[in-house]
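Keep in mind that the numbers below use all heavy atoms, side chains included, and drop hydrogens, waters and symmetry copies.
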Amino acid sequence: MSGTDGGGKSGTGDTGSRAGGSAGPAPGGEGGAAPALTTPRGRRPVVAALMLGMALAAIDGTIVSTAVPQIVGDLGGFTVFSWLFSGYLLAVTVTLPLYGKLSDTFGRKPVLIAGIILFLAGSVLCAAAWNMAALIAFRIVQGLGGGALQGTVQTIAADLYPLKERPRIQAKLSTVWATSAVAGPVVGGLLAGYADWRWIFLINLPVGAVALWLVVRHLHEPARPRPAARPRVDWAGALAVFATGALLLTALVQGGVAWPWLSAPSLGLFGISAVLAALTVVIERRAAEPIIPGWVWRRRTIASVNLALGAMGLLMVAPTVFLPTYAQSVLGLGPIAAGFVLSVMTLSWPVSAALSDRVYNRIGFRLTAIVGMSCALLILLAFPLLPYPGAPWHPALLMLLLGAALGLFQLPLIVGVQSTVGWAERGTTTASVLFCRQVGQSIGAAVFGAVANGVLAARLLDAPVSGLPDDLDAVARTLEDPGGLSAAATDYLRRAVDAAVDHVYIGAAGAAALALLALITLAPRRFPVITETPAAADTAGADIMDRHATPTDQG
């Protein structure tokens with residue numbers, strides 16, 4: 001299959017380089033040949049492996065969340081069970097930069113194999129956990145593998161396909177996330193209700209074993225030229241990044257939950273995080289092969305995409321965290337119906353992503369993303385205008401539209417930024433994008449949680465009855481079983497939750513505005529895409545190809 005579109009043009013509206021990118025080395029890296037699969041038939045098992053690997057990471061959170069009551073009932077530890085999710089998230093987030101650099105240095109295959117093995121080992125250990133502390137520790141082991149899965153799968157997907165075909169594989173990976181969002185709660189509920197909660201971890205083993213076999217058997221990376229010097233891993237930088245990220249995310253996740261924001265633990269964690277961040281910058285500047293190289297932020301294209309997707313991580317907290325509470329507490333829906341209101345977003349997202357190439361091939365990556373986020377901004381601002389209490393289809397329709405808008409925003413930016421770097425930099429670039437998105441989600445959970453609880457507390461000062469709870473989680477639990485509350489008090493609580501979630505969506509609209517600001521002010525009008533010759537694309541049959549940067553990739 002050729003790398004040209006129906007009109008015979010090569011590249012996209014953002015192409016900033018000439019065809020035939022074999023003239024020189026990639027900047028900042030060796031740019032050597034990427035792993036090659038010589039036929040589309042040989043590529044299919046690798047795609048299957050990527051989808052299975054992504055499924056392991058995608059289904060993890062949703063399948064575990066449904067079994068929390070059974071886990072707590074068996075192991076105890078109700079006060080710390082949230083660390084089942086926080087610990088996993090921390091491990092995934094802080095290891096993304098390390099795995100990205102390792103995949104650029106030593107190849108994708110060994111990193112992906114190590115990630116699958118770590119994830120499966122963590123799954124076995126989780127199934128054998130004897131108390132909540134052990135389960136949390138083993139979830140962190142799972143997260144260490146999950147970080148390798150998320151970053152490396154996305155990188156290999158970009159390696160496998162030339163620019164024109166990348167929306168197809170990215171749409172398939174988006175479909176995996178959409179399917180997992182729906183299937184996870186169902187499978188988790190069935191296993192926890194009719195078998196044992198330990199099976200939610202053991203079910204990973206056959207899926208991971210198949211993915212591992214496909215990777216070992218079918219993913220082939222040809223030998224690259226031996227470097228003049230032995231590659232060195234920046235372990236000091238890796239440790240500094242890990243420590244900084246772990247402390248910062250712990251402060252964000254636990255602040256306002258385990259302790260007040262202005263308490264000694266919060267202030268101490270933020271202070272130590274700031275010191276470690278400064279130390280990390282010093283270490284990375286002196287390192288020969290830094291984990292987070294400076295060019296990630298010096299190039300306008302990569303820096304703008306990092307900031308834009310970090311802002312998207314911020315705004316995603318509104319639908320994924322607060323919409324289910326809104327659906328149950330304000331609309332009075334059950335957990336399954338509330339989950340459906342959210343899941344419609346995952347239905348339109350992959351469809352929009354799959355069709356986005358028809359847009360960015362005409363108007364470019366940057367403008368397509370601007371259109372998508374502009375639509376998302378309007379949709380988020382429309383949420384506070386919904387009638388009270390309204391019908392369930394009102395927020396469901398907005399989420400359907402939001403998924404379509406964000407699919408049009410995210411995929412062009414990921415495909416675009418991956419297409420501006422050569423093979424030797426793609427792992428680091430992809431990891432930086434995912435890292436910023438994960439950090440944005442953590443910051444969003446902290447900031448919007450504080451906003452929601454602040455609005456709720458202010459509304460409850462004038463409540464018609466005394467003794468009402470004053471935080472969002474407690475109010476939601478009270479509304480599940482109002483008990484002795486009067487009809488007026490119940491309605492007042494519902495209106496208070498409605499106001500709190502409305503403010504969260506206004507904040508999410510602000511995050512959308514920040515994403516637009518990053519793209520409009522920082523991103524170049526045309527992404528400096530690195531192209532390959534059409535002949536090479538034809539003979540490789542969508543192989544993983546060597547793409548070298550041109551002098552325009554400066555930012």
Side-chain angles (χ1 to χ4, degrees), residues 1 3 12 33-37 39-58 92 96 99-100 102-104 107-113 115-116 146-180 211-212 214-215 218-221 302 305 309 349-350 352-357 360 365 407 410-435 437 529-530 532 537 540-547:
M1 180 176 292
T12 73
L37 301 172
T39 66
R41 182 181 297 275
R43 188 174 56 188
R44 291 170 187 162
V46 180
V47 173
L50 297 184
M51 295 181 71
L52 290 173
M54 186 62 77
L56 288 173
V92 169
L96 276 168
Y99 287 127
L102 290 177
S103 72
D104 283 343
R108 326 293 194 215
K109 185 173 182 177
V111 174
L112 182 56
I113 289 175
I116 295 174
L149 287 174
Q150 289 196 28
T152 312
V153 165
Q154 293 278 7
T155 304
I156 295 175
D159 290 340
L160 276 172
Y161 289 84
L163 175 59
K164 286 291 183 180
E165 298 183 63
R166 282 182 194 156
R168 300 180 185 180
I169 183 62
Q170 292 290 351
K172 290 179 180 179
L173 295 178
S174 297
T175 302
V176 170
W177 283 96
T179 304
S180 299
L212 186 61
L214 289 172
V215 170
H218 294 283
L219 178 58
H220 302 291
E221 294 184 287
I302 302 174
V305 171
L309 286 178
W349 192 314
S352 173
L355 298 176
S356 64
D357 64 319
Y360 70 65
F365 294 121
Q410 177 178 260
L411 187 135
L413 289 184
I414 291 179
V415 171
V417 77
Q418 288 177 330
S419 302
T420 64
V421 294
W423 185 92
E425 297 177 334
R426 191 170 295 131
T428 298
T429 300
T430 303
S432 73
V433 169
L434 299 179
F435 176 77
R437 190 179 65 186
V529 172
I530 303 168
E532 71 276 358
D543 293 351
I544 304 172
M545 302 183 66
D546 183 19
R547 299 165 176 84

Measure across [X] and [Y] and return the closest heavy-atom pair with its distance rounded to 0.1 Å.
{"X": "Gly422", "Y": "Ile530", "value": "N-CD1, 3.9 Å"}
{"X": "Leu214", "Y": "Ala48", "value": "CD1-CB, 4.0 Å"}
{"X": "Leu411", "Y": "Ser356", "value": "CD2-OG, 3.3 Å"}
{"X": "Gln150", "Y": "Ala57", "value": "CG-CB, 4.0 Å"}
{"X": "Gly151", "Y": "Leu96", "value": "N-CD2, 3.8 Å"}
{"X": "Thr152", "Y": "Arg108", "value": "CG2-O, 3.7 Å"}

Rounded to the nearest 0.5 Å, what's the gap from CG on Asp357 to CZ on Phe365? Could you check?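 It comes to 9.5 Å.
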Which distance, rounded to the nearest 0.5 Å, do you find between the CD1 of Ile169 and the CD1 of Ile156?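 Answer for the CD1-CD1 pair, Ile169 versus Ile156, is 10.5 Å.
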Exercise: do Gln418 and Thr429 side chains pair donor with acceptor under 3.5 Å: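 Absent: no donor and acceptor within the cut-off.
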Are [X] and [Y] side-chain neighbours, meaning at least one heavy-atom pair lies under 4.5 Å?
{"X": "Leu50", "Y": "Val176", "answer": "no"}
{"X": "Leu434", "Y": "Val92", "answer": "no"}
{"X": "Leu413", "Y": "Val433", "answer": "no"}
{"X": "Leu149", "Y": "Leu112", "answer": "yes"}

Only one of Thr420, Asp159, Asp104, Thr155 passes side-chain hydrogen bond (donor to acceptor under 3.5 Å, both in side chains) with Arg426; say which it is.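 That would be Asp159; it is the only one of Thr420, Asp159, Asp104, Thr155 passing the side-chain hydrogen bond (donor to acceptor under 3.5 Å, both in side chains) with Arg426.
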Once side chain to side chain donor-acceptor pair (under 3.5 Å) is applied, do any residues pair with Gln154, and if so which ones, sequence neighbours excluded?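 Per chain and number, Gln154 pairs via side chain to side chain donor-acceptor pair (under 3.5 Å) with Gln170.
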